[in-house]
There are 2 protein chains.
Amino acid sequence: MLTNSAKYAMKAVLFLALNTNENNKMMVKDIYERINVPQSYLAKLLQELSKHNIVSSSRGPKGGFYLDDKNKSIRLIKIVDIIDGEQRLRSCMLSLKECDNENPCALHRLVGDANSSFIKNLEETTIESLIADVRDGKSILPL
Amino acid sequence: MLTNSAKYAMKAVLFLALNTNENNKMMVKDIYERINVPQSYLAKLLQELSKHNIVSSSRGPKGGFYLDDKNKSIRLIKIVDIIDGEQRLRSCMLSLKECDNENPCALHRLVGDANSSFIKNLEETTIESLIADVRDGKSILPL
DNA sequence: TCGCAAATATGACGAATATCATATTCTAAC
DNA sequence: GTTAGAATATGATATTCGTCATATTTGCGA
Ligand code: FES
Ligand code: FES
């Protein structure tokens with residue numbers, strides 16, 4: 001479903017959303033232990049996300065990664081599409097084409113609307129709204 | 001979610017369920033094109049499934065793979081657990097532990113009951129009942 | 001302006017998945 | 001029995017994913 005890289009990226013972005021802003025940046029070396037992602041790997045992922053403007057960054061002393069308000073309004077789907085590619089999440093269980101409700105493969109009804117509703121949720125949910133749940137204690141940021 | 005191998009295995013088993021029985025076996029070389037799976041790869045998968053008694057087989061002239069009635073009453077989950085291992089399907093979106101509804105991670109509600117209901121369906125559905133849909137034209141076996 | 005602290009770029013390596021190939025073993029049929 | 005046709009066992013290779021390491025670039029602060 002999601003690759004490990006995408007999960008790490010999510011954790012990182014969510015963590016940044018909770019702990020940073022324009023005036024409060026964080027460096028890779030201060031993040032990786034908190035979210036349990038290998039340091040260099042995290043660096044690479046954040047650089048990739050930065051290149052695509054999902055997260056913001058600045059170099060030099062006092063530099064680091066952070067999320068500004070614009071970043072926080074980004075939808076989750078962008079993260080996984082950038083890290084995993086757009087295909088991975090959307091391919092059918094049996095063939096390699098996209099799901100087709102008209103001509104469902106034998107497994108289609110087993111997965112039900114599960115997958116498509118998951119995708120839809122990713123498309124609709126912004127980083128911002130997701131972390132609200134964490135702040136409210138409705139969900140947690142594990143590890 | 002499912003590995004490519006698991007998808008291939010599913011296709012193969014479903015195909016065998018539709019086209020074989022004790023008196024009507026099929027060889028790898030007559031199957032692989034029909035389900036669009038590389039020949040040697042399919043062979044390996046079927047051998048693995050055979051070892052675990054998901055499919056039946058016999059060697060020598062007139063031999064091949066097939067599904068008997070007992071095989072057809074097997075539940076789909078066994079196929080994926082054997083090919084992918086039991087963990088893969090069941091790990092949480094963000095951490096590596098199993099999902100916990102008490103302490104849901106930030107993404108838990110996005111995937112909703114999607115994943116767990118998919119697993120449940122796999123646990124409940126037998127090969128037999130699944131191919132009934134194909135026979136009835138309710139679903140297809142793609143590629 | 002200089003030096004240092006950070007991200008960035010690049011690429012090497014390892015591990016798991018996907019694929020291919022071949023030698024061996026079993027067995028039905030003659 | 002012998003033979004030929006099939007699965008089986010084994011392992012080599014390719015590709016993708018995950019991880020690590022390092023040289024380079026950029027910009028803040030003294
Ligand atoms: S058509 Fe195959 S999962 Fe939807
Ligand atoms: S607790 Fe993370 S997906 Fe369920």
Side-chain angles (χ1 to χ4, degrees), chain A residues 1-12 16 20 22-33 35-67 71 80 82-85 87-89 91 96, chain B residues 1-12 16 20 22-33 35-67 71 80 82-85 87-89 91 96:
Chain A
M1 178 120 70
L2 296 185
T3 199
N4 232 324
S5 297
K7 296 183 185 180
Y8 286 170
M10 289 270 199
K11 286 210 266 188
L16 288 176
T20 68
E22 287 97 311
N23 311 312
N24 218 337
K25 301 159 190 170
M26 281 189 79
M27 297 181 294
V28 167
K29 68 172 178 178
D30 293 324
I31 303 174
Y32 81 96
E33 303 160 302
I35 62 176
N36 207 45
V37 174
Q39 178 165 16
S40 302
Y41 196 6
L42 175 61
K44 201 171 220 173
L45 289 170
L46 282 176
Q47 288 165 203
E48 185 73 10
L49 291 173
S50 169
K51 191 190 299 179
H52 289 271
N53 301 309
I54 306 297
V55 306
S56 305
S57 64
S58 70
R59 310 203 222 195
K62 266 296 190 183
F65 291 96
Y66 64 99
L67 261 61
N71 293 138
V80 357
I82 284 169
I83 301 295
D84 281 352
Q87 290 232 304
R88 186 180 206 93
L89 197 55
S91 59
L96 293 179
Chain B
M1 178 121 72
L2 295 185
T3 202
N4 232 326
S5 297
K7 295 185 185 181
Y8 287 171
M10 289 271 197
K11 285 211 267 189
L16 288 176
T20 69
E22 288 96 312
N23 312 311
N24 217 338
K25 301 159 191 169
M26 282 189 78
M27 296 180 295
V28 167
K29 67 172 179 180
D30 293 325
I31 303 174
Y32 80 97
E33 302 159 303
I35 61 176
N36 206 46
V37 174
Q39 178 166 15
S40 303
Y41 197 6
L42 175 60
K44 202 170 219 174
L45 288 170
L46 282 176
Q47 287 165 205
E48 185 72 11
L49 292 172
S50 171
K51 190 190 301 178
H52 289 271
N53 303 308
I54 305 297
V55 306
S56 304
S57 65
S58 70
R59 310 202 224 195
K62 267 295 191 183
F65 291 95
Y66 64 99
L67 262 60
N71 294 138
V80 358
I82 284 169
I83 301 295
D84 281 353
Q87 291 231 305
R88 186 181 207 93
L89 196 56
S91 58
L96 293 179

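Computed from a prediction, not measured in an experiment: that's the story for all the values here. All chains are named by letter (A, B, ...) in the order of the sequence lines, taking the proteins before the strands, and each is independently numbered beginning at 1.
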Given atom CD of A:Q47 and atom C1' of D:dT19, what is their separation to the nearest angstrom?
-> 14 Å

Taken to the nearest whole Å, CD/B:E48 to P/D:dA7 is 16 Å

What are the 5'-most and 3'-most nucleotides of DNA chain C lying under 4.0 Å from any heavy atom of chain A?
-> C:dA5 to C:dA12

Give every residue pair that meets the salt bridge (Lys or Arg N to Asp or Glu O under 4.0 Å) criterion with at least one member in residues 36-46 of chain B, sequence neighbours excluded.
-> none

Write down the protein N/O and nucleotide N/O pairs, taken from nucleotides 25-27 of chain D, whose separation is under 3.5 Å; answer none if there are no such pairs.
from   : atom 1 : to    : atom 2 : distance (Å)
D:dT25 : O2     : A:R59 : NH1    : 2.9

Between D:dA7 (P) and B:M26 (CE): distance, integer Å | 11 Å

Can you find a pair of side-chain heavy atoms, one from B:L16 and one from B:L46, that are under 4.5 Å apart?
-> yes

Would you please name every residue forming a side chain to side chain donor-acceptor pair (under 3.5 Å) with B:S50, sequence neighbours left out?
-> B:S57

Could I get a table of every N or O pair under 3.5 Å where one atom is in the protein and the other is in nucleotides 15-18 of chain D?
from   : atom 1 : to    : atom 2 : distance (Å)
D:dC17 : OP1    : A:R88 : NH1    : 2.8
D:dG18 : OP1    : A:T3  : OG1    : 3.2
D:dG18 : OP1    : A:N4  : N      : 2.9
D:dG18 : OP2    : A:T3  : OG1    : 2.8
D:dG18 : OP2    : A:S5  : N      : 3.4
D:dG18 : OP2    : A:S5  : OG     : 2.8

What's the NZ-C1' distance between B:K29 and D:dA6, to the nearest Å?
-> 9 Å

Are any of the side-chain heavy atoms of B:Y32 and B:S40 separated by less than 4.5 Å?
-> no

Sequence neighbours excluded, every pair satisfying salt bridge (Lys or Arg N to Asp or Glu O under 4.0 Å) that has a member inside residues 50-63 of chain A = A:E48-A:K51

Which heavy-atom pair separates B:V28 from B:A43 by the least distance, and what is that distance?
-> CG2-CA, 4.0 Å

Hey, are the side chains of A:Y66 and A:N24 touching, using non-hydrogen atoms and a 4.5 Å cut-off?
-> no

Kindly indicate whether the side chain of B:I35, heavy atoms from C-beta on, has any atom under 4.5 Å from the side chain of B:L42.
-> yes

CD1-CG distance between B:I83 and B:L2, expressed to the nearest 0.5 angstrom = 11.5 Å

Send over the distance from B:L49 CG to D:dA7 C1', rounded to a whole Å.
-> 14 Å

Contact class for B:S57 vs. all strands (heavy atom < 4.0 Å): base, sugar-phosphate, or nothing?
-> sugar-phosphate

Write down the atom of B:A9, the atom of B:L45, and the distance for their closest heavy-atom approach.
-> N-CD1, 4.3 Å

Distance, nearest 0.5 Å, that separates NZ of A:K25 from CG of A:N23 = 7.5 Å

